[in-house]
Amino acid sequence: MYGLKPIAEVQFQDYIFPAFDQIVNNIAKMRYRTGGRFNVPLILRTPYGGGVRGGLYHSQSGESYFVHTAGLTVVTPSNPFDARGLLVSAYKKNDPVIFLEPKRLYRSIKAEVPDDMFEVDIGKAAKLKEGDDLSIITYGSMVPTVMTTVEKNNVNAEVIDLRTLLPMDVDAIVQAAKKTGRVIVVHEAPRTLGVGAEISALIAERAIDSLLAPILRVTGYDIPFPYTHEELYLPGEKRIMSAVNRVLAY
Amino acid sequence: MAIAGNLSNEQAIQAYKNAVIARTLDIKIISAQRQGIIGFHVPAQGQEMIQIAIAMMADNDDLIFAYYRDLALYIQRGVPLSLIFDQMLGNSNDLQKGRQMPDHFSFKEFNFSSVQSPVGSHLPLTVGAAYARRYTKKKGIVITTFGDGATSTSDFHAALHMASVFNLPVLFICENNGWAISVPTSKQTKAEIYKKGTAYGIPGKRVDGNDLIASLAGLQEAFDYVRAGKGPYLVEALTYRMGPHSTSDDPKKYRVDEITDGSENDPIRRLENLMLKMGVIDSSFIQSTKASAKEEVDKMLEERMSIPPPESSSIFDDVYEEPSWIQEEERRDSDGSD
Ligand SMILES: Cc1ncc(C[n+]2csc(CCOP(=O)(O)OP(=O)(O)O)c2C)c(N)n1
Ligand SMILES: [Mg+2]
């Protein structure tokens, strides 16, 4: 970027869409189209997701639009430690990073974060909980919901926080499927062509012999984000547990 | 009797009453928001007069693309308080079925389109709507309102350009309230907003949007021009955002000057003073107008609050004319709970 390292912020992910052409056609493709002679070392931070009574235009989870665009790196932290560590890693990259911040968590979680410039590797998932009966793969805004649900209901599940959505940690995904044979993906974005679809395909391609049950997706619905009934839209304990029980009983 | 030009005493009194209702409603909504009854609000306080002037000038046939801070515009155009509250509450009587945030109105019967949040992105829609009007030989022009911040969007420029090149009947009205959240107009634009149409061949005019008489006079020229089929016109109404950007905003962080209710610059106060001076109203009229506005607004919120929310399964409707198997399946799976 002619000597600069911009860290831009878009107030809501919903308001990125007017800049979509720039992101997809210029930012993501600059390195490729110039044979590697130009690059865009940009970080684009933006709050995403619902649960703040923000209606249609302050609630969307649009990660799939970006994950579908080669040339971008897409990360989403689920806690303060990862937020800082991923931001430092993103800063060191010479390619554009879409940095999705789950806005519902801004005020709902608090944690101490070390002062030093530690890094959280881009492309590496985190195992938040060990477990033997099934694997729950999730990220971003849904991580606390999944954790409280499995703890409250004593589910013997391992929980994986993807942290990076593009490129996904394929090893962690395949290992999880091979270990427990039962996989649930939880995300807030709509189901159709959501990140869960990609995870399911990766497992189907690389670990189908290990599967003991169908891979289930617990996701937001394929509708615009509603206002009055926003709590119905967000996946919660009941939807997660119904998938857990189905997978375990299979 | 006329207050000025074509403005009769009765019209001025009606405008005043509606401005007072809008102001009262605004204050009521803010307090309801603090009590958790209403989720959010973008107050229109300080911008009532230009909004009322627009509604007075517009014909029923004119189609209006308003923005999110236009409470007085709806009231002057005759939208009942009940429907306004129903939308703010997102209850089962809300015409939009609780789908949108408060202040994102759509009153088709009153020839309003639909408000969205992305700043400026309704402006290109006005161009298409105006094109359709001309093509189908429908009566009326298209009017749109937007803030000073919206003039920095590419959609604003695309809309001016297209409206002009097709010579379409669009009246663009910028409610320049001095702020885009925390960004003052001086950091928003170097050029004057009403001149921004010049390069597109669109005439522009600046009016004192806090003065009913000046607003009406300025708008008259603009309406005449657009109605005569000469093409689009850009009005910049200078006004002032008296309150916070929204109920999520704390202006003390970025703003020191403050016009509060009762200031001589308050547009309602200005009309009040003018009418008092001309003997059109007296102080007891002012008191009774404010008291009855308060009573009406309080009563209406009380009444609308008791209306239940929409059916939960209705969140799957209206994605398409007919739901696809995807929505049907998700509706079945959801059985109305999380
Ligand atoms: C595309 C887009 N970016 C950012 C926002 C966040 N936002 C909401 S209102 C607003 C300020 C708009 O100011 P202005 O157009 O002057 O209208 P006003 O709110 O002052 O009436 C901004 C930046 C948005 N709604 N849409
Ligand atoms: Mg403004």
Side-chain angles (χ1 to χ4, degrees), chain A residues 10-22 47 50-60 62 103 106-107 142 145 148-149 186 188 190-194 197 216-243 246, chain B residues 33 36 38-40 68 86-92 94 96-104 114-121 124 152-156 158 181 246-248 308-320 323-331 333-338:
Chain A
V10 176
Q11 200 185 9
F12 287 92
Q13 183 253 282
D14 315 66
Y15 301 143
I16 276 191
F17 298 127
F20 203 54
D21 177 47
Q22 293 297 334
V52 299
R53 299 201 62 69
L56 302 170
Y57 299 114
H58 304 84
S59 307
Q60 296 176 76
K103 75 171 83 71
Y106 281 148
R107 288 189 190 150
M142 278 295 129
T145 314
T148 39
T149 299
V186 182
E188 190 178 319
R191 174 169 316 187
T192 302
L193 227 79
L216 294 188
R217 290 173 288 169
V218 182
T219 67
Y221 297 122
D222 285 275
I223 59 174
F225 202 100
Y227 175 72
T228 299
H229 288 305
E230 78 170 359
E231 73 291 347
L232 294 183
Y233 184 93
L234 296 169
E237 182 181 346
K238 188 168 166 204
R239 263 147 78 184
I240 295 170
M241 282 312 294
S242 128
R246 258 183 75 195
Chain B
Q33 194 274 337
I38 284 172
F40 173 81
Y68 48 73
D86 290 338
Q87 197 282 332
M88 300 294 299
L89 292 157
N91 65 27
S92 57
D94 170 21
Q96 304 177 98
K97 306 179 190 169
R99 302 266 171 72
Q100 283 241 66
M101 267 179 117
D103 294 305
H104 292 63
S114 158
V115 175
Q116 31 56 288
S117 315
V119 166
S121 72
S152 296
T153 65
S154 29
D155 277 344
F156 169 73
I181 309 187
S246 74
T247 48
S248 317
E311 281 292 323
S312 54
S313 73
S314 72
I315 64 171
F316 298 99
D317 296 335
D318 304 312
V319 182
Y320 304 100
S324 78
W325 66 267
I326 301 175
Q327 287 79 36
E328 287 301 12
E329 191 175 288
E330 290 178 352
R331 192 202 310 265
D333 291 347
S334 78
D335 69 41
S337 59
D338 84 329

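Treat the numbers as computed from the prediction; the structure is a model and nothing was measured. Proteins get letters first, then strands, A, B, ... in listed order; numbering begins at 1 in each. Side-chain atoms are counted along with the backbone in the values below, which use heavy atoms only and exclude waters and symmetry mates.
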message: Looking at B/E328, I want to see if its CD is surrounded by more than 12 non-hydrogen atoms of other residues, nucleotides or ligands under 6.0 Å.
response: yes
So which heavy atom on [X] is nearest to which on [Y], and how close?
{"X": "B/M101", "Y": "B/Q87", "value": "O-NE2, 2.9 Å"}
{"X": "B/V119", "Y": "B/T153", "value": "O-CG2, 3.4 Å"}
{"X": "B/D103", "Y": "B/M88", "value": "N-SD, 3.5 Å"}

- prompt: Does NZ or CZ of A/R53 come closer than 6.0 Å to the centre of the six-membered ring of A/Y227, within 45° of the ring's axis?
  reply: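 Ring-cation test returns yes.
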Side chain / backbone / both / neither for [X] at chain A, heavy atoms under 4.5 Å:
{"X": "B/Q327", "result": "side chain"}
{"X": "B/I326", "result": "side chain"}
{"X": "B/Q116", "result": "both"}
{"X": "B/P323", "result": "neither"}

Could you tell me which portion of [X] (side chain, backbone, both or neither) has an atom closer than 4.5 angstrom to a non-hydrogen atom of chain B?
{"X": "A/F225", "value": "backbone"}
{"X": "A/T192", "value": "side chain"}
{"X": "A/P18", "value": "neither"}
{"X": "A/D14", "value": "neither"}

task: For A/H229 and B/P310, indicate whether the former's side chain and the latter's backbone hold a donor-acceptor pair under 3.5 Å.
output: yes
